[in-house]
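Remarks on the structure that follows.
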2 protein chains.
Amino acid sequence: MANIKDVARMAGVSIATVSRVLNEYPYVAKDKQEKVMAVMKELNYSVNGNAVKLSKGKTNTIGVIVPYNNNSCYDELINGILKKAHELHYQVLLLPSYYENVIESSYLTLLKKKMIDGILLTSHTLHPEQILALSEWGKIVCCEACPVELVPSVFPDRFAAYIEVFTYLKNKGYKRIHFTSGRDFQSSPSTRLRIQAYQETITEAYESQFFDQCFDYQDGKRVGDLMFRNSIVPDAIFTNGDEVAAGIIASAQTHGYSYPQDFEIIGEENTPISEILGFPSVDYHQTAIGEQAVSLLLSDEYARIQIRHQLNFRARTEASALS
Amino acid sequence: MANIKDVARMAGVSIATVSRVLNEYPYVAKDKQEKVMAVMKELNYSVNGNAVKLSKGKTNTIGVIVPYNNNSCYDELINGILKKAHELHYQVLLLPSYYENVIESSYLTLLKKKMIDGILLTSHTLHPEQILALSEWGKIVCCEACPVELVPSVFPDRFAAYIEVFTYLKNKGYKRIHFTSGRDFQSSPSTRLRIQAYQETITEAYESQFFDQCFDYQDGKRVGDLMFRNSIVPDAIFTNGDEVAAGIIASAQTHGYSYPQDFEIIGEENTPISEILGFPSVDYHQTAIGEQAVSLLLSDEYARIQIRHQLNFRARTEASALS
DNA sequence: GTAAAGAATGAAATGCGTTTCAAGTCAAGC
DNA sequence: GCTTGACTTGAAACGCATTTCATTCTTTAC
């Protein structure tokens with residue numbers, strides 16, 4: 001396949017001139033420019049993207065590390081990321097980590113290898129020191145709260161949302177507020193926040209219960225059985241996902257309880273499921289977060305300002321019941 | 001940052017030897033190998049991935065073109081693609097097309113530019129000739145039925161599934177079988193197949209109706225209103241998505257009809273929604289398709305055999321009602 | 001009329017590995 | 001003792017475009 005040298009030779013100009021035409025430099029004589037373009041067309045020439053990347057030291061590609069187990073709560077986020085990246089003429093490398101630390105840190109070396117210009121970290125298992133160590137090799141932005149101040153982040157203020165939800169439930173007079181989460185508090189910061197928010201909000205002796213390891217509909221059914229078979233039946237439940245909430249609702253019905261008559265339930269991530277079943281769900285506006293994360297990652301001030309975006313989003317509380 | 005030259009100099013060997021160490025060539029003296037590795041560690045050296053790509057003429061990256069409007073029915077597919085690609089040590093560039101032909105064809109030039117080793121095409125608007133023309137520059141595999149025999153494809157046999165569904169509904173004795181789809185028949189092959197399957201299966205004069213432009217829950221509610229406000233109320237509905245089906249069920253209830261007492265409904269893509277609401281849904285096993293598509297794309301026989309995988313999957317028909 | 005600014009262009013260095021080719025060392029085989 | 005094959009190793013070509021520097025030719029300005 002033809003390269004820039006062939007084009008230069010055939011057009012009777014130097015390689016530099018061809019490069020200038022390619023990069024739309026001013027100061028190229030019109031006739032030569034046209035000649036070069038004609039030759040490029042004739043030879044069906046394309047630049048070699050890898051040579052460009054090597055030469056320019058820039059790839060116009062960003063990497064996005066996502067756990068990608070199977071539940072797709074990253075969909076909205078990725079959507080936002082793709083949209084903004086496309087706008088800024090960047091491409092997106094999707095890096096599934098399956099929550100494995102080894103895989104995650106191997107992705108960070110892509111920066112060292114100059115294969116990407118920056119990394120967006122969604123939920124991850126990396127230790128702050130690991131991130132810091134590798135952020136020397138390139139830009140990194142977290143889409144989750146990052147415990148290290150030095151790593152720029154754009155993230156939903158989950159804690160504020162949790163506080164808001166628990167306060168809302170408390171003010172409504174519920175006394176048995178159960179809540180669920182996914183990974184256990186040791187490996188999941190958001191689980192810790194959830195527990196902490198509960199403890200800070202509800203200081204009285206409530207008969208609440210906490211359940212972790214909830215990820216999907218079946219898990220919801222499982223913990224629903226635990227909740228409604230129990231002597232202490234919840235009057236409000238705050239789940240960590242709409243699917244889980246749906247499972248709990250289904251389970252409740254088999255035990256003779258029905259939503260919304262017998263209990264209040266609040267989901268998370270605001271998926272079509274909460275819309276369909278008509279329960280409120282906390283919406284973190286992940287699309288916006290994705291877009292902002294890309295903007296921050298690719299902004300010129302990245303290196304200097306190191307902003308820590310803090311986004312405070314509120315729970316959607318108008319229930320639109322299925323009736 | 002250190003490059004291979006620096007390493008060679010410091011280790012007192014030639015560049016070639018360093019390269020051999022990097023690529024784990026046999027036939028490098030143990031002492032030199034260790035020395036080189038020590039120096040690489042000392043200098044905190046990393047290969048420049050772009051130089052490697054340029055030099056080897058291979059990127060170990062594949063591109064996946066997805067419409068990425070907003071509904072995430074590509075999630076499972078992408079999951080499969082990521083999994084298999086990761087297994088084969090390939091990386092995945094996610095290329096959103098927003099169903100725009102210009103964008104889609106711009107992505108195909110990535111092959112010419114040697115920036116990716118192959119392309120996976122999901123739902124798209126490209127003309128067969130466009131695909132064929134560009135498949136000369138690299139490997140392309142379609143994850144949808146491709147009208148051109150020369151383009152290798154791995155795809156669900158939607159037509160067979162549609163036939164199966166309509167036959168199932170016909171055999172159950174339904175007479176007013178409404179069905180929905182997304183894009184209109186001019187731009188969407190699957191809409192055409194749906195209509196064709198209906199016509200081939202149900203030759204009698206049924207009072208069925210067809211509705212397009214259905215994409216989400218709200219659309220489902222909208223066409224549900226049309227269906228149940230009408231004098232001809234359906235006794236069976238085949239939708240083109242679980243969200244749409246959920247919308248129709250919700251709408252039906254506002255009109256005094258309820259599922260499953262008054263009508264049968266079948267969804268598509270087998271998402272958690274059909275599980276939650278308890279209606280059957282056609283499952284195309286997109287994860288498996290994604291995996292197979294990657295395997296085909298990266299297999300050595302790709303160039304020679306040009307197989308057209310045809311996967312025949314069946315409708316999930318066991319309903320597990322919410323009740 | 002001449003200096004200064006602007007336009008146009010090519011040679012060569014640069015970014016960084018991979019791979020081929022030739023050559024040299026050393027031990028086993030006859 | 002000599003051939004043969006297995007190891008080792010480095011020089012140099014190759015993959016391909018970008019960019020700096022120097023040079024030459026025009027204009028414009030005073």
Side-chain angles (χ1 to χ4, degrees), chain A residues 1-37 39-40 43-61 89 109-117 137-138, chain B residues 1-37 39-40 43-61 89 109-117 137-138:
Chain A
M1 194 185 134
N3 60 23
I4 199 174
K5 223 168 161 179
D6 302 323
V7 175
R9 197 183 317 123
M10 275 201 62
V13 297
S14 73
I15 289 173
T17 299
V18 178
S19 178
R20 288 186 186 107
V21 173
L22 278 172
N23 293 281
E24 290 172 317
Y25 255 62
Y27 308 151
V28 176
K30 198 136 207 176
D31 56 330
K32 301 213 173 182
Q33 192 219 52
E34 279 163 4
K35 175 73 185 168
V36 167
M37 302 223 291
V39 171
M40 294 201 295
L43 295 180
N44 200 356
Y45 168 81
S46 274
V47 278
N48 181 312
N50 297 130
V52 175
K53 288 180 187 176
L54 173 60
S55 196
K56 288 201 170 154
K58 201 188 166 211
T59 61
N60 269 65
T61 305
H89 306 289
T109 66
L110 292 176
L111 284 174
K112 258 181 103 168
K113 295 189 188 165
K114 311 255 185 192
M115 294 168 85
I116 51 182
D117 295 342
W137 297 102
Chain B
M1 194 186 134
N3 60 24
I4 199 173
K5 223 166 160 179
D6 302 323
V7 175
R9 196 183 318 119
M10 274 200 61
V13 297
S14 73
I15 289 173
T17 299
V18 178
S19 177
R20 288 187 186 107
V21 172
L22 279 172
N23 293 281
E24 291 172 316
Y25 254 63
Y27 307 151
V28 176
K30 197 136 207 177
D31 57 330
K32 301 214 173 179
Q33 192 222 50
E34 280 164 1
K35 176 72 184 169
V36 167
M37 302 223 290
V39 171
M40 292 200 297
L43 295 180
N44 199 357
Y45 168 80
S46 273
V47 277
N48 180 311
N50 296 130
V52 175
K53 288 180 188 175
L54 172 60
S55 197
K56 289 201 169 153
K58 203 191 165 206
T59 61
N60 271 64
T61 305
H89 305 290
T109 66
L110 292 176
L111 284 174
K112 257 181 105 168
K113 293 189 189 165
K114 309 256 184 193
M115 294 169 84
I116 49 182
D117 296 342
W137 297 102

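Naming: A, B, ... by sequence-line order, numbering from 1 per chain. Every value quoted in this text rests on a predicted model; they were computed, and no experiment measured them.
Counting only distance, with no hydrogens or angles, the side chain of A/D117 and the backbone of A/K58 share no donor-acceptor pair below 3.5 Å. The backbone N or O of A/D6 sits less than 3.5 Å from a side-chain atom of A/N3, completing a donor-acceptor pair. The backbone N or O of B/Y25 sits nowhere less than 3.5 Å from a side-chain atom of B/N23 that would complete a donor-acceptor pair. In terms of modelled atom types and a separation under 3.5 Å, the side chain of B/N60 and the main chain of B/H89 share a donor-acceptor contact.
In this structure, the NZ atom of A/K35 is 19 Å from the P atom of C/dA8, given to the nearest Å. Taking atom CD of A/Q33 as the reference point, atom C1' of C/dG10 lies 18 Å away to the nearest angstrom. Rounded to whole angstrom, the span from the CE atom of B/M1 across to the C1' atom of C/dT14 amounts to 16 Å. For the pair A/M40 CE and D/dC16 P, the computed distance is 16 Å after rounding to whole Å. If you take NZ of B/K30 and P of D/dT9, they are 13 Å apart, rounded to a whole angstrom. At whole-Å resolution of the value, CD in B/E24 and C1' in C/dT18 are 15 Å apart. In this structure, CG of A/L22 is placed 16 Å from C1' of C/dT9, rounded to the nearest angstrom.
Phosphate contact (OP1/OP2 of D/dA17, side-chain N/O of A/K5, threshold under 4.0 Å): absent. Within the structure, every side-chain polar atom (N or O) of B/K32 is placed at least 4.0 Å from both OP1 and OP2 of D/dT8. Here A/N23 does not reach the OP1 or OP2 of D/dA17: none of its side-chain N or O atoms lies under 4.0 Å away.
Note that CZ of B/R20 is 13.0 Å distant from CD of B/Q33, once rounded to the nearest 0.5 Å.
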What protein N or O atoms touch nucleotides 4-7 of chain C N or O atoms at under 3.5 angstrom, if any, and at what distances?
from	atom 1	to	atom 2	distance (Å)
C/dA7	OP2	A/Y27	OH	2.5

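The local environment of NZ in A/K113 is sparse, with at most 12 non-hydrogen atoms from other residues, nucleotides or ligands closer than 6.0 Å.
Within residues 8-20 of chain A, the residues having any heavy atom closer than 4.0 Å to DNA chain D are, in order of number, A/I15, A/A16, A/S19, A/R20. Listed by residue number, B/A51, B/L54, B/S55 are the residues of residues 47-61 of chain B with a heavy-atom contact under 4.0 Å to DNA chain D.
The shortest side-chain heavy-atom distance between B/M1 and B/N48 does not fall under the 4.5 Å cut-off.
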